[in-house]
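On a predicted model such as this, the values are computed, not experimentally measured, just so you know.
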Amino acid sequence: MTLPHGYQGTRIRGALIACFAVLSVVAGASSFAQATSAVATESVDQGALIRDLTLTRNVDGKLTVTMWMPDEFWRIALKSSGRMSDKGIADYIAVMHPYILVAVMDAQRGITAFRYTDADTLVGEASIEDSHGNTYRPLAPDAVAEDIRNLIQTMRPLLANMMGAMGQHMEFLVFPSADKGGHFIADPSSEGALTVRLGDVSMRYRLPIGSILPPALDPKTGESFPGSYHFNPYTGGKLVPRPTENHSEPAPKSK
């Protein structure tokens, strides 16, 4: 039976959205997290965030998936968990910050099931590319902090339980977050691009990631668009940042 176009991508994103809540708890309980009082959740559409960070390609029976987990992913996940203070989240992000973490999966559809690319092959074929065309290979395990390696080992069974064989065959790749000159390879909130390459397959993230930015507003029509949009795609009108609502209490009157 041939699956409808886009079915696999929808299924994968649905599973990853379900994983998001569990990941926030796993991260909040990890050995290098500071658990304290609950904090408020950022007003970010978590489903939109997962859709932006998860790319799927299904061509000629070959299915490739990449999920990028930048600092913003963990910041929002940890706030969602309500298990950590702002300082605890900042400490956690400081540990993650030197790395780019990407989960990848590659498979070829057979007669009855997918044939998954093994981990060694994925690591051997993988690289990332920044906006200037510079490429970077995955870091060797001994070049990655122990806390990050432990977190990856915790996430492996989680994805396997939530996604079955697809999750079981997802491989976590760790890259440096900065080049030798100390410049960030990819900033989710700035203009640019991040490309994940698996052999001859390229998965390109267009930056900035719209779901982590405040919505953009068309002042003429009143329509809202993702924060990465600069113009209304239907009218061409220039967009402006949507004003934030002010919920502060009025100052008390002096007696």
Side-chain angles (χ1 to χ4, degrees), residues 16 20 23-24 26-28 30-34 42 44 49-50 52-55 64-79 84 86-105 119 122-156 170-199 201-214 226-228:
L16 288 171
F20 188 97
L23 275 173
S24 68
V26 170
S30 66
S31 61
F32 59 99
Q34 285 188 351
E42 290 185 17
V44 172
L49 177 66
I50 295 297
D52 284 346
L53 296 177
T54 307
L55 303 181
T64 305
V65 180
T66 62
M67 182 182 179
W68 177 27
M69 288 169 272
D71 291 355
E72 287 74 8
F73 170 87
W74 296 109
R75 184 175 292 111
I76 293 165
L78 292 169
K79 278 188 173 290
M84 298 175 65
D86 288 342
K87 181 181 184 304
I89 293 173
D91 290 344
Y92 189 101
I93 297 300
V95 176
M96 303 295 299
H97 189 66
Y99 307 100
I100 290 176
L101 181 60
V102 183
V104 301
M105 190 277 293
L122 284 175
V123 173
E125 292 183 344
S127 65
I128 58 173
E129 181 180 302
D130 63 20
S131 300
H132 306 291
N134 302 310
T135 60
Y136 309 85
R137 298 272 300 127
L139 294 170
D142 59 4
V144 178
E146 183 180 3
D147 286 327
I148 305 299
R149 299 199 304 268
N150 291 339
L151 178 63
I152 290 172
Q153 291 305 318
T154 302
M155 289 192 294
R156 289 184 191 279
M170 270 198 158
E171 183 66 19
F172 291 88
L173 305 177
V174 185
F175 301 88
S177 66
D179 61 21
K180 293 181 179 179
H183 305 102
F184 293 127
I185 293 171
D187 181 354
S189 61
S190 299
E191 297 287 340
L194 173 67
T195 302
V196 180
R197 299 192 187 280
L198 296 172
V201 176
S202 297
M203 310 289 275
R204 186 174 186 271
Y205 292 91
R206 185 188 299 274
L207 306 179
I209 299 295
S211 55
I212 67 173
L213 300 176
S228 55

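- Across all their heavy atoms, Val123 and Leu173 have their closest contact at CG2-CD2, 3.7 Å.
- In this structure, the side chains of Met203 and Thr64 come closer than 4.5 Å at one or more pairs of heavy atoms.
- Of all non-hydrogen atoms in Ser131 and Gly192, the two that sit nearest each other are OG-CA, 3.3 Å.
- No donor-acceptor pair under 3.5 Å is formed between the side chain of Asp52 and the backbone N or O of Ile209.
- Here the shortest heavy-atom pairing between Ile100 and Val102 reads CG2-CG2, 3.8 Å.
- In terms of modelled atom types and a separation under 3.5 Å, the side chain of Arg149 and the main chain of Pro141 share a donor-acceptor contact.
- Take Arg156 and apply the salt bridge (charged side-chain N to carboxylate O under 4.0 Å, His left out) test, not counting sequence neighbours, and it matches Glu171.
- For the pair Arg137 and Pro176, the tightest heavy-atom approach, listed with the atom from each and the gap, is O-CD, 4.1 Å.
- For the ring pair (Phe, Tyr, Trp, His ring centres under 6.0 Å) test, residues two or more places apart in sequence or in another chain that qualify with Tyr205 are Trp68.
- Between Ser202 and Arg197, the side chains place a donor N or O and an acceptor N or O closer than 3.5 Å (distance only, hydrogens not considered).
- Of the inter-residue distances, the one linking Ser177 atom OG with Tyr136 atom OH reads 10.5 Å to the nearest 0.5 angstrom.
- The shortest distance between side-chain heavy atoms of Phe175 and Ile185 does not fall below 4.5 Å.
- Using a 4.5 Å cut-off on side-chain heavy atoms (C-beta onward), Asp187 and Leu207 make no contact.
- Inter-residue side-chain proximity for Tyr99 and Leu139 is flagged as met; some heavy-atom pair is nearer than 4.5 Å.
- Side chains of Leu213 and Ser189 form a contact here, defined as non-hydrogen atoms less than 4.5 Å apart.
- With contacts defined as side-chain heavy-atom distances shorter than 4.5 Å, the pair Leu151/Met96 qualifies.
- For the side-chain contact (heavy atoms from CB on, under 4.5 Å) criterion with Thr66, the lone passing option out of Val196, Val201, Leu53 is Val196.
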Worksheet item: Please walk me through it: do Val104 and Glu125 pass side-chain contact (heavy atoms from CB on, under 4.5 Å)?
Response: CA-CA 11 Å; Val104 301; Glu125 292 183 344; over 6 Å; no
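- Taking CG from Asp147 and OH from Tyr92, the interatomic distance works out to 9.0 Å, rounded to the nearest 0.5 Å.
- Interatomic distance, Ile50 CD1 to Met67 CE, rounded to the nearest 0.5 Å: 3.5 Å.
- Atom CZ of Arg206 has 12 or fewer neighbouring heavy atoms from other residues, nucleotides or ligands inside a 6.0 Å radius.
- One distance of note links NE2 of His97 with CH2 of Trp74; it measures 15.5 Å at 0.5 Å rounding.
- When side chains are defined from C-beta on, Ile152 counts as touching Val174, because their heavy atoms get closer than 4.5 Å.
- Atom CD of residue Gln153 and atom CD1 of residue Ile148 lie 12.5 Å apart, to the nearest 0.5 angstrom.
- With rounding to the nearest 0.5 angstrom, the CG atom of Asp179 is 7.0 Å from the CG atom of Asn134.
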